[in-house]
Each structure stands twice: as structure tokens, then as C-alpha cells.
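The structure appears right after this line, and notes come after that.
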Amino acid sequence: MNKRYLLSLLIILAFAGCDKTAEPQEPEDDTVSFYGGFVQDQASTKVTYKEVENSFKLAWVKGDKVGVYSTCQSNYAYKADNNAPMTSFSYDKRSERIKWLSDTEPQSFYAYYPYSENAGADPHKVQISVPSVQSQTYATSIDHLAELDFMWTATENIIKSENGKFALTFHHAFSILELEFTTDVRMVLDALIFRCKSNPDAPVAFENGTIDLSTGEIDLTDAEKSSQIRIDCNFATSWPSPTNIKMIINPDLGGETMELVAVIGGTETVIAEKVVPQQGLPAGKVITVKTDFDVPDDVAVQVKDLSELATANTYIVNKSNEYYSFDATVKGNGFIPSELSAIDNGSRIEPKSVLVLWYNTVQDSDRWKDECPILLSSLILYRNRIFFDTPKTFIPGNVVIAAFAEEGITYDNIKAEGGLITNATLLWSWNIWATEGYDPETSNFKAGEWTIMDRNLGAAAGYEDLIAGNKYHAASTVGNLYEWGRKDPFPHFHEYSTTVAGQYNSLYTTPTYTPVIALQRNGVKGNLDKQLFYPQDYKRFHYSPETVFGKDYTNEQILPWAAEHPYIFLGNTGDPYTYTYNWNRIDEAGKMLWGDNTANDDIPSVKTYNDPCPPGWKVWSEETLYAIDEAGKGKVTSNRWGAEICGSYFPFNGNGYSKAFSTGWVVPVQAKNEIGVFTSSYDTYSGTWGVSYYWQTETNNPEEGCPMNFIKASNGGSAGTSNARNVRCVKEN
């Protein structure tokens, strides 16, 4: 069995002593202090475990409570001030502070974690338990360990130092058992049982035991004992990499024969049997058992192949607790038109690493949620395919997955300068569009010959899902913004509260998080750490092609660069009076990025590798928009944040302005509200390309039922390909 050490924490405490005279006034500097500097990503109220190479490191989390005893003080609570391996602690209640008896009198101190009001008044009989039922939420999780851990420490008969401070070293009372479980395919593991086979009275787990904080000795005389621990899993094993399942156990099992039992499909299967050494298991260490298991066919997890029908740049996931994969060797749908073949070096790629580049979810208030629609830990690249899980509770939103040319690229080792990745080559990226239960094959509407999705590309919520009057939730219907001709999504604005969303606020977009440490922008107003897009660092995600390649840049330069930097908004100021905001050159190659659509039935429409729509769908055409307008005139809906057009909800979205990456005219104001959209690329029949359209309310400050006018703005050359708009997808011919 492999043993891995848990690092004990060296905690520096400053105690100010018991008050024998019970004076009511006490100095404010009688506090307990810890020291350290490691900062966790998220704060909670449990000690944090971090797995590093062959060991676990522990860190306090701000708000953690320890119980402290001294000669005349019993079980006083002290709270961690910071997220760190060592931190300062402060008393929870001023009336309950530890103080020195005197400058010369020996004094003993005892402490434990986690604090409990029911621990008792005697430091030599503190209540302690190891639950017989534990739970792990996913295959690589270690969060549950902190909830069950117990640490103790004692420093006896010491004299007050000059500054009143001294050191305590915390020890672990329990051990951690780890099963490293390798399977030939994935399966759902219901639970893992650690059971004593040789002794039905063995205390593998127990309730209401006591521990002596001076020695760490556990007394189970009056405890309720269990000869097994069951850790509930109910998740799929992480094939092809091993699954690691960990539980807190009582180390005092010397000489006993133990078995590990997997519960699969409700059936118990013994997968390992071990005899514990006579001296028992070492407290504060991880005992690892490794085993292989051949999964029966009837319990193997089926993988949903998102690219089964065709590859694309966007894939829809609509179920929780599901296992997905897609082909990671093809750029989009793999079709590069002849006009672009001289620029792009082929439709195939050979990725060696994959990471989540950014993600976001539906927001219901300004208490922003940091939730990823896929399990970050589940993302793997295996045999040229990308695999990932959705969580047990569905999280709607968008996730951009990036593939890299180099092996070993991780969230920690990527380097960036000026917001640009410098030590890795990003080959391609895909958007995972998570919208629960959504199937565009059944949720669509018809206009003329066209079958059209009933929501914008990337919309995390449909009109039927809206929370009445919630300006944050309503923004989730807007969907992603796209610069014309690019496959790469940019997030929508965060709320319907101002005329120009994003330009004068603390956020340019709805909160959008990146796990890539070098790209994280922290310290955003509202404690929005780990952001990828926000105003304080505007130039880090907003580049002009002229800045990158100079005034005479070419499509041969900018098109590959755009694909390699899907997180960079390619703004171009151009001429503010003619609105020539273009990120690409407008030549025959530049017009073909979103394919060839035509009104001539004799010429089939063509979807290209840069089209952002899911398999079987493509960006709509000029003819589609005219068909919608003819099928049904639009009118403002009751929430006044959008309109019903042809029986489908279209949220007010304005424009994603090239110059400021803000969005205008999204709430009822003293002006006409707009719904701006982009169409597909070059139309060989009409000779137009990249046409920009919008529906506009007939009156200023529109009320419910206000009619909408359909207006053709101009083609992409003069409207500006750097302006970002929403996209709707239509069924391919």
C-alpha cells in the first residue's frame, strides 16, 4: 500500500490569558494570531485540501473555526482571518478570549478543528466521530475530506513569552483511505464500502467517541461503533484515467482483515482484500489501494457522440449527469472553400492538450454565480476525442473548450503577456452550448421554406423559462455575440438595466470565468475574480488587427490569428462617420467565412468550417429574414425587453460595438429599441454578403404591443465585421 503524508499545519497563536479578577474592561489586542500567505480560489468554512504530486497540503479557509481550551477557559471559538496554510485567527466572541494567567505561571493550551459547540468543557474528553456514511460528489473530488477531518494539538506548561506568542502543531486523528480504481470503460459507481471481514465489532466508524487533546488518544468506551464505512458516489468512473475515491477512516484497526466492496447497479462486488498491520494504520496519512476492474457490459456507461452526424464549432448538451464526446481533429465542419484554401493550412488538427478557456451560466441577481456547465475535472483528450461530463444538477450556459498543439498544457503553466497566450499554440476551439432539455429539431418555427431555431445561438434560457421582472435572468435569452465571419462566441451583456449595457458598468459581459490562471483578471467590482472580460483590463481582450500586424495587414495574416485567439475581440475603429469597422479584409476570401447562401434552388447552400452553428444547422441568410418578416410582423412583449416575431421571442440586443465592446439600446428608453442580427456570407444569387439587419420599434420608449419595423442596415463591408451581433441558426438544406 502506498502511503502519502498529510502535511501538518504550524500555527502561531498569541494568547492573552485568564482574567482572575473578572475586570469588565479588557484591552482590544488580546487576540489569537496565525501567519501565512496562501490564497484559495474560493472561500467557504472548511479546511481546504490540495493534492500536489505525492502529498496533500492543507490550508485554512477564511471563517474556519477552531476550539481552544486553557486553564480557565473552555472550548472558545477562534476564526481564521485569511485563506492560507497559516493565517491569523481572531476570537469569535470578545467575552470568550484566552488570556494568560500571569507572566510567570506555567499554563497549558489545547486546540482542535473543526469547532463544535457540543465538544464539552474537558479538553481530555472532546467529542469526536467518524461517520459510517460518507459522500463524494465526483471522481476526483477531495472537498468532502475537509468536512470530516479532525485535528488536535497541545502545548503544556509553558511560560508567557515577551510577545505572548507561541507555536502549536496540529496532528490528524484519522487516516484517509484512497482507492485508485482503473476500469476498462466507464461505469456508474453507486458506492464504495470499506468493511471489516474478520471482526463484526471492529470500530471502522463510530459516533460519540472522545479524544484526549493532550495525547491524541481516542476513547470508544461509550461510542456507537460500525464495522464498515460506505461512501456514496453515484458518479461515473473517470475512464481512461483512474478514479480516485477517498474516505476518512479510524486508524485503529490493527491485525484486522478488511475488504473493499464496489456497489454497481445495486450489486456488491469485492474488489480488494487487505490485512491491516498489527500496529494499525498511521494517523495523518493516506493509504492507497490500487486495483483494476473489468466493467460488465450491462453497467457500462454509454457515451453520447456529439459529432456522430457531423462535426461543428458548437455542440448542444441538454442533459445532466451525462457523458459526452466529440471528434477533436476537425476544424468546424471541415469544409474550407476554395477561396480560403490558400489561407488555411487544412481542416485537420492534431491536438495534444485540451482545457476549458471560459464558461458562464445564467445569473439571477448581482450575487454572481461561478458555475461551470461541465465538470472541469472530467475534461480529457483521449485518442483524438474530447470527453466530458455534465454535473448531476444541470447548469445552463456556455463553455469554450480549447485544443493545444503541445502536450502537458495545464491551467497553471500557461503564460500570457498583454492577455495573449505566449507559451502554447491554440489550434482550435469549440463552444459547448448547455441548455436543459432543448432540442432544436422540435423547438423551432417555420418561415417560408426555412426551419429556424426558436432562440439565439448560445441562449442559456428560452422565453418560456424567464423569471418575471428579473433583469438579470432575462439577459440569458440574448445568447452569444459574434463578430461577422468568426466562429468564436463572446458573452452577452449582464442585465437589462441601462441603455448601453457594459459601456458604463463594472462588467462588459455577463460574468465569464476562466480557469486559466494567466488569463484571470481579479479584483473586479463585486468580488468578481477569475474574469476573462472586464473594463479595467479592456485592452487585454480587445485588439485591432492593425495593432497586431500593421496598417497593411492581410487575410493571410489575420484569419489564422483570429482562430488562434478566440478569446480576443478584434475591434477596429475605422472611420466613425462611415462605420467601416472591419477585422478582416473584404476580398473574395473574406466574404466566404460563413459560407455561400443563395436564393437559387438550383445552387445548394454551403456551410463552411467557420460557421458557428451546431451540426445540421447553419447561419441564416438574407432570404430567411425576409421570409420571417413576411410570415408575421413583430410586436413588443409584455416584459418590454424583447419582441415576438413570427411567433418566436427575440430579445432586444442592440449592437456589440467594435470600439467599446458594449451593447446599445437594450431597455425601453427615449429612443427606438433594436434587435440586431447578422446573416450568412456571400450570396451568389443576389451578390450580397454579410448583410446586417435589425428590427426596430416604431416609437420611442416602446410599450407592450408596439409594432416592429424590419430594416436592412447595409452589407458587412460598410456596417463593420468588427461589430458583434446575435446569430440564429437555420436547418441545413
Side-chain angles (χ1 to χ4, degrees), residues 1-4 6 49-56 133-148 175-195 228-249 258-274 285-304 320-325 354-356 372 374-383 385-393 410-411:
M1 290 187 287
N2 296 331
K3 300 178 180 179
R4 298 192 293 176
L6 289 171
Y49 282 71
K50 185 176 183 182
E51 204 164 8
V52 181
E53 295 178 350
N54 293 319
S55 67
F56 279 108
V133 178
Q134 301 175 20
S135 179
Q136 183 171 324
T137 56
Y138 55 89
T140 58
S141 174
I142 54 177
D143 295 339
H144 60 293
L145 301 180
E147 300 176 2
L148 306 174
S175 302
I176 292 178
L177 175 69
E178 174 189 53
L179 173 64
E180 189 172 294
F181 196 41
T182 303
T183 57
D184 55 344
V185 295
R186 282 170 62 96
M187 69 174 186
V188 174
L189 181 67
D190 300 334
L192 179 71
I193 297 173
F194 183 53
R195 178 183 292 151
Q228 71 172 38
I229 292 174
R230 174 189 172 105
I231 182 162
D232 290 324
C233 302
N234 193 28
F235 53 72
T237 54
S238 54
W239 174 90
S241 56
T243 298
N244 296 95
I245 303 161
K246 303 178 180 68
M247 64 176 73
I248 295 281
I249 62 173
M258 308 299 297
E259 61 181 9
L260 279 167
V261 180
V263 183
I264 306 165
T267 302
E268 294 188 4
T269 302
V270 177
I271 57 174
E273 187 175 297
K274 300 287 182 181
K285 295 181 181 178
V286 179
I287 296 88
T288 301
V289 177
K290 296 183 179 181
T291 187
D292 295 334
F293 184 75
D294 293 331
V295 178
D297 292 339
D298 60 340
V299 295
V301 171
Q302 301 302 312
V303 182
K304 181 173 178 55
S320 61
N321 205 23
E322 193 87 356
Y323 189 37
Y324 293 96
S325 78
V354 293
L355 298 175
V356 167
C372 184
I374 72 169
L375 289 176
L376 285 171
S377 61
S378 70
L379 181 67
I380 59 169
L381 175 69
Y382 182 66
R383 293 179 179 173
R385 297 188 66 85
I386 288 174
F387 295 82
F388 63 88
D389 287 329
T390 50
K392 292 180 182 178
T393 300
T410 68
Y411 298 114

Side-chain donor-acceptor pair present, Ser320, Thr390, cut-off under 3.5 Å: no
Nearest-0.5 Å distance, NZ of residue Lys290 to CG of residue Leu179: 11.5 Å
Donor-acceptor contact below 3.5 Å, side chain Ser141 vs main chain Tyr138: no
pair Ile229-Leu177: side-chain heavy atoms closer than 4.5 Å: no
Min side-chain heavy-atom separation Lys246-Ile142 under 4.5 Å: yes
Spacing of CZ belonging to Arg385 relative to OH belonging to Tyr324, to within rounding of 0.5 Å: 14.0 Å
Test side-chain contact (heavy atoms from CB on, under 4.5 Å) applied to Thr137 and Phe235, step by step: CA-CA 7 Å; Thr137 56; Phe235 53 72; over 6 Å; no
Beyond-backbone contact of Leu192 with Ile271, side-chain heavy atoms, under 4.5 angstrom: yes
More than 12 heavy atoms of other groups within 6.0 Å of Asp297 CG: no
Side-chain touch Asp389/Arg186, heavy atoms, less than 4.5 angstrom: yes
Under 3.5 Å donor-acceptor, Asp294 side chain and Asp184 backbone: no
Validation row: Ile264, Phe293 side chains within 4.5 angstrom (heavy atoms): yes
Contact check, side chains of Asn234 and Val188, non-hydrogen atoms, under 4.5 Å: yes
Any donor-acceptor pair under 3.5 Å from Asp190 side chain to Gly265 backbone: yes
Pair Glu259-Glu268, side-chain contact (heavy atoms from CB on, under 4.5 Å): steps then yes or no: CA-CA 12 Å; Glu259 61 181 9; Glu268 294 188 4; over 6 Å; no
Interatomic distance, Asp298 atom CG to Met187 atom CE [nearest 0.5 angstrom]: 11.5 Å
Lys392 NZ: over 12 foreign heavy atoms closer than 6.0 Å: yes
Parallel, tilted or perpendicular: ring planes of Tyr382 versus Trp239, cut at 30 and 60 degrees: perpendicular
Full working for side chain to side chain donor-acceptor pair (under 3.5 Å) between Glu178 and Thr288: CA-CA 5 Å; Glu178 174 189 53; Thr288 301; 2.6 Å; yes
Non-hydrogen atoms of Ala300 and Val185 that approach each other most closely: CB-CG2, 3.8 Å
Side-chain heavy-atom pair Leu379, Val356 within 4.5 angstrom cut-off: yes
CA sep, side-chain torsions, deciding dist, call: Ile176, Ile248, side-chain contact (heavy atoms from CB on, under 4.5 Å): CA-CA 5 Å; Ile176 292 178; Ile248 295 281; 3.8 Å; yes
Pro391 to Cys372 - nearest heavy-atom pair and separation: CG-O, 4.3 Å
Test item: Thr183 and Thr243 side chains (from C-beta on) under 4.5 Å apart, heavy atoms: no
Residues Val354, Ile380; criterion side-chain contact (heavy atoms from CB on, under 4.5 Å); working and verdict: CA-CA 7 Å; Val354 293; Ile380 59 169; 5.9 Å; no
Value rounded to 0.5 Å, distance of CG in Asn244 from OG1 in Thr182: 8.5 Å
Point-to-point distance, once rounded to the nearest 0.5 Å, from CZ of Arg383 to OG of Ser325: 12.5 Å
Reported CZ-to-OG distance for the pair Arg230 and Ser135, which is rounded to 0.5 angstrom: 10.0 Å
